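Just so we're on the same page: letters track the sequence lines, and every chain starts at 1. In this text, all values refer to a predicted model and were calculated from it rather than measured experimentally. Computed from heavy atoms alone, side chains included, the values below leave out hydrogens, waters and symmetry copies.
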Amino acid sequence: MAHAVEPLVACDFETSGHKTEYALQPWRYARGDAWPTAFTYMWDDGTVHQRGGLMPTAETLRAFFTHVRDTGATIVAWNAVFEAAWCIAMGFRDEVRCTRWLDPMLLWRHLEIEPEYDMDRSKKKSYGLKLAVAEQYPQHAGYDEQVDFHDPSPAARKVLLRYNRLDVLFTLRLAQRYIALLQQSPRQWRAAQIEARAIPFVAEANVDGMPVDLLVARHLEATLTNTAAHAQATLAEHGLTETIVRSPTKLATLLYDQWGLPVLKENVGKKTGNVSRSTDKEVLHELAFLDPRIAELRKYREALTNRTKFATGPLESRTYNGDGRTYPQAIVFGTYSGRMTYSSKQGKNKDERPIGFALHQEKRGKAFRDIIVAPPGYTLVEFDASGQEFRWMAIASNDATMMQLCLPGEDPHSFMGARIAHREYREFQTAYKSGESAAKDGRQLGKVANLSLQYRTSAKKLRVVARVDYNIPLELPESERIRSTYLQSYRGVPVYWAQQIQLTKHRGWVETLAGRRVQVVGNWDGSMGWSMGSTAINYRIQGTGADQKYLALACLHDTMVKFGVRFAWDLHDGIYFWIPDAVLKPAIAKMRHILHHLPYRQAWGLTPPVPLPWDCKIGKAWGSLREYHGD
DNA sequence: CTCCCTTGCGCC
DNA sequence: AAAGGGCGCAAGGGAG
């Protein structure tokens, strides 16, 4: 893992397009709808050297990558995924893949005190270069004033070039500063470097996008329209309209004032204190036992939501982009725990541009996921970190039973199902495998318990999850008994909770097993105390999962380059790739081997006491993936 | 009208 | 007193 990051070469693009918004959409470069207006790169070997200039060409980039190759430099760029994406769009895919990248914006995040529980956490801090300059070099704040990215006049271009050069200079200086700071904490620095290896792959995914199957998406849209129309027709005579079902306020009036149903739950506004009568799906699930119309109403609302989000949305983005593709943009370190997030739009409010769709929220059904298909000549391959959070909790808590259940041939959900049903585990496991229906239901309950109770969920909440999400008619006494069973089965888990909270109170920060950190600052005795405790407990597990995925990508790098494998997208415990059909089998075999032998000890200083296996699925459309075991 | 906040809900 | 966490997006509703 060790690799010198020096020397550094900083770079920055300015861009424009036939519409100003295209400046942020490098995939339009190929059609001539977007282009770079300036590109500067800079290094400091005692003297500051500066190259590049206005209207860069392929020759400019060739000289840049030649310099990088000859000096063995690491490229630094603010929001480096964007710079790398432009390089790829301009034809330098191989060069981007085979160079090291580092993003001072991400390094800044690693150094930040976040989350802060005294502040309003709904207001997320921005990590723009201008803010970093204002913080570190206040005398230079406001250097971006009077810049026009799109005015081609010589006077405006002169201002633009000066701005571009300052951007690069500040990027270089901030990178040097943040690297020095992070290196004081070697494990954090190492985690940040491993994460940075994902930059070229994420850039590729963002600039390549993914094909949307037009017919499948239209069919989905039509199906959901029919579902909604049918429900609407059924309920029209009872006063339900689309406007009402889409409005929580209007729906509450209908349900509680006109239909006379009981109010089962109220919402209290966190800021305003306003009280409203809830119409959420938990409430609807319970009301459905009292009134047969409610199940249809819930189906109606779901069909409308799903149509907009998962059919109309992707189709709109396909039309907007004009090339049959959708471009949800991956954001490295998008969550404070390190996981990636996705954005489906650029701009705000009336300037919103629908470039992508809500990839991370895509429903699990085949009909939904099949709208995304492999590009010609490629197969979609998913590697999924099996039982990821259960395994990391087993390791973090050192619970002997959980660790035992991570061994080959074991089934944690059957184990918990058996405990709940007062049955013997092996007998239960055999019954489940032979298709016994009681064992099937029991395992489902065990699964709900294993998945829900790992993070201090209450019996009350467990009851709701079981009822609403799994349609299991659980009542509170039984839910309490299951929770007790869980805690008695995995004695190490509540001990881990308490220890993790104590340690975090003492240190003021939590770390993942890889060494990624987050500060936990606030009043432990105040109203945020519970939430701070949850961060102490959850961050270590969830963040380790994120680090595991970055480690996987870093270690797969050489194989991906060799076989021409492309990173497609991330779904937290799953990584998706486009693999050329011609090398599908050997590439998967090699990738699987690497994933099963990730160098946790060298990278993190950890020797996992249990196996950390990955499952593999392959197919031509997202909804149609099949388990793949090799041959 | 725009902008911001709230409710509700999809995934992990 | 009781309380899983993390996100982003759709849509309504209200302020200005």
Side-chain angles (χ1 to χ4, degrees), chain A residues 115 120-124 242-252 265-284 298 301-302 304-310 312-314 316 328-331 333-345 348-352 354 356-365 368-369 384-385 388-389 393 451-462 464-465 468-469 483 486 493 497 510 518 527-543 545-546 549 569-575:
Chain A
D120 179 358
R121 289 188 63 194
S122 68
K123 296 258 192 291
K124 282 223 282 189
E242 185 172 325
T243 312
I244 291 173
V245 80
R246 284 187 188 278
S247 161
T249 313
K250 293 190 176 86
L251 185 58
K265 192 165 81 171
E266 288 184 326
N267 298 314
V268 183
K270 282 190 183 67
K271 290 179 182 166
T272 58
N274 290 345
V275 178
S276 61
R277 297 169 294 182
S278 176
T279 60
D280 72 11
K281 73 175 180 184
E282 178 199 344
V283 168
L284 296 189
R298 186 178 159 191
R301 187 167 68 184
E302 281 175 5
L304 291 173
T305 303
N306 290 342
R307 186 182 61 186
T308 311
K309 216 170 192 173
F310 304 119
T312 312
E316 263 178 12
Q329 298 291 290
I331 300 159
F333 199 169
T335 75
Y336 81 83
S337 60
R339 303 213 296 195
M340 286 188 206
T341 56
Y342 276 85
S343 171
S344 67
K345 288 190 164 49
K348 281 204 173 103
N349 302 319
K350 73 181 175 67
D351 290 329
E352 250 176 20
F357 72 107
L359 175 69
H360 265 184
Q361 301 157 16
E362 182 69 12
K363 275 186 75 73
R364 289 183 62 100
F368 288 89
R369 295 197 166 185
D384 167 281
Q388 190 187 55
E389 294 201 8
M393 179 59 97
L451 294 180
S452 296
L453 294 170
Q454 185 154 299
Y455 305 110
R456 301 199 298 179
T457 306
S458 66
K460 201 172 123 213
K461 174 77 173 168
L462 176 67
V464 171
V465 170
V468 179
D469 294 344
R483 188 165 184 278
Y486 179 91
V493 170
W497 293 345
V510 206
V518 69
S527 62
M528 295 310 291
W530 176 269
S531 176
M532 291 164 69
S534 292
T535 295
I537 291 163
N538 299 1
Y539 175 84
R540 189 163 171 84
I541 306 301
Q542 200 179 83
K549 191 187 53 201
W569 69 83
D570 145 283
L571 211 54
H572 303 320
D573 63 346
I575 324 175

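Considering only the side chain of A:Arg246, C:dA11 comes nearest among C:dA11, C:dG4, C:dC9.
For A:Lys250 and C:dG12, the NZ to P distance is 7 Å, given to the nearest whole Å. Here C:dG6 presents its P atom at 16 Å from NZ of A:Lys549, a figure rounded to the nearest Å. Here the C1' atom of nucleotide B:dC1 and the CG atom of A:Asp351 are 14 Å apart, to the nearest Å. Taking atom CZ of residue A:Arg540 and atom P of nucleotide C:dG6, one finds them 18 Å apart after rounding to whole Å. Between A:Ile244 atom CD1 and C:dA11 atom P the separation is 17 Å, expressed in whole Å. Rounded to a whole Å, the OH atom of A:Tyr539 is 15 Å from the C1' atom of C:dC7. Atom P of nucleotide C:dA10 and atom CZ of A:Phe357 are separated by 12 Å, given to the nearest angstrom. The nearest whole Å value for the distance from the CG atom in A:Asn538 to the P atom in C:dA3 is 16 Å.
Checked by atom type and distance alone, the side chain of A:Thr457 pairs as donor or acceptor with a backbone atom of A:Ser452 at under 3.5 Å. Judged purely by atom type and a 3.5 angstrom limit, A:Ser343 has no side-chain atom pairing as donor or acceptor with the backbone of A:Gln329. A:Glu316 places no side-chain N or O within donor-acceptor distance of the main-chain N or O of A:Pro354, the cut-off being under 3.5 Å. Of the possible donor and acceptor atoms, none in the side chain of A:Trp497 sits under 3.5 Å from a partner among the backbone N and O of A:Ser534. Checked by atom type and distance alone, the side chain of A:Arg369 pairs as donor or acceptor with a backbone atom of A:Glu362 at under 3.5 Å. In terms of modelled atom types and a separation under 3.5 Å, the side chain of A:Tyr342 and the main chain of A:Gln361 share no donor-acceptor contact. Between the side chain of A:Arg339 and the backbone N or O of A:Phe333 there is no donor-acceptor pair closer than 3.5 Å.
Contact check, A:Thr308 against C:dC9: no side-chain N or O comes under 4.0 Å of OP1 or OP2. An OP1 or OP2 oxygen of C:dA10 is reached within less than 4.0 angstrom by a side-chain nitrogen or oxygen of A:Lys345. The side chain of A:Ser458 contributes an N or O atom lying less than 4.0 Å from OP1 or OP2 of C:dA3. Taking 4.0 angstrom as the limit, A:Ser344 places a side-chain polar atom (N or O) nearer than this to OP1 or OP2 of C:dC9.
Applying the side chain to side chain donor-acceptor pair (under 3.5 Å) test to A:Thr249 and every residue at least two apart in sequence or in another chain returns nothing.
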Q. With the sugar-phosphate defined as primed atoms, P, OP1 and OP2, and the base as all remaining atoms, what B/S/- string results for nucleotides 7-12 of chain B, 5' to 3', for protein heavy atoms under 4.0 Å?
A. SSBBBB
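Among the protein residues, A:Tyr342 comes within range of the sugar-phosphate backbone only, with heavy atoms under 4.0 Å from sugar or phosphate atoms but none that close to a base. If you check every strand for non-hydrogen atoms under 4.0 Å, A:Ser337 touches nothing.
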Q | Strand DNA chain C in bracket notation, Watson-Crick/G-U under 3.5 Å with | for pairs to another chain | A | ....||||||||||||
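Between A:Tyr539 and A:Tyr336, the ring planes are parallel. Angles under 30° get that label, and only those over 60° would be called perpendicular.
Contact detail for A:Ala536 and A:Val510: the closest heavy-atom pair is O-CG1, 3.6 Å.
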